[in-house]
Amino acid sequence: MNIEVGSYEAKTRLPELLRGVRAGNRYTITLRGEAIADLVPAEESKHSDAAAAADEMLAFMQTRKPVSGIDIKALINEGRA
């Protein structure tokens, strides 16, 4: 549900509006009848995105066989030549 709220009303009722956002409401803040901003729920934090990426990487690594028979030191020395 999108509800229009004047800027003065938004300023004076901010805690109430934030509780409404938590409950799933969306607000459009207006200034002299013109839509200026939307007050909507925040996206999930980037921390949870990083945790999901790490989990995906671990799952990928567990599906692959370890690489063997490669001389890592030789590869490093080739890159420095």
**Student:** Under 4.5 Å between side-chain heavy atoms, counting indirect links through other Ile/Leu/Val/Met/Phe/Trp/Tyr residues: same cluster for Leu31 and Val5 or not?
**Tutor:**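 No, no single cluster joins them.
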**Student:** Roughly how far, to the nearest 0.5 Å, is CG of Leu75 from CD1 of Ile70?
**Tutor:**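 Rounded to the nearest 0.5 Å, the CD1-CG separation comes to 6.5 Å.
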**Student:** Please, which pairs that meet side chain to side chain donor-acceptor pair (under 3.5 Å) have at least one residue in residues 4-17, sequence neighbours excluded?
**Tutor:**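 Every side chain to side chain donor-acceptor pair (under 3.5 Å) pair that includes a residue of residues 4-17, provided the two are not neighbours, is Glu9-Arg13, Arg13-Glu16.
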**Student:** With a 4.5 Å heavy-atom cut-off, do Asn77 and Lys73 have their side chains touching?
**Tutor:**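 Answer yes - side chains close enough.
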**Student:** Nearest 0.5 Å, what's the OG1-CD1 distance between Thr28 and Ile36?
**Tutor:**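 It is 11.0 Å, given to the nearest 0.5 Å.
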**Student:** So do the side chains of Asp38 and Ile29 get within less than 4.5 Å of each other, counting heavy atoms only?
**Tutor:**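 Counting from C-beta outward, Asp38 and Ile29 never come under 4.5 Å.
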**Student:** Starting at CG of Leu58, measure out to OG1 of Thr63 and round the result to the nearest 0.5 Å.
**Tutor:**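 If I round to the nearest 0.5 Å, the distance is 11.0 Å.
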**Student:** Looking at CZ of Arg26 and CG of Leu17, how far apart are the two atoms once the value is rounded to the nearest 0.5 Å?
**Tutor:**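 The CG atom of Leu17 is 14.0 Å from CZ of Arg26, to the nearest 0.5 Å.
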**Student:** What about Val40 and Tyr27, same hydrophobic cluster or not, with Ile/Leu/Val/Met/Phe/Trp/Tyr joined at side-chain heavy-atom distances under 4.5 Å?
**Tutor:**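 No; Tyr27 is not reachable from Val40 via cluster members.
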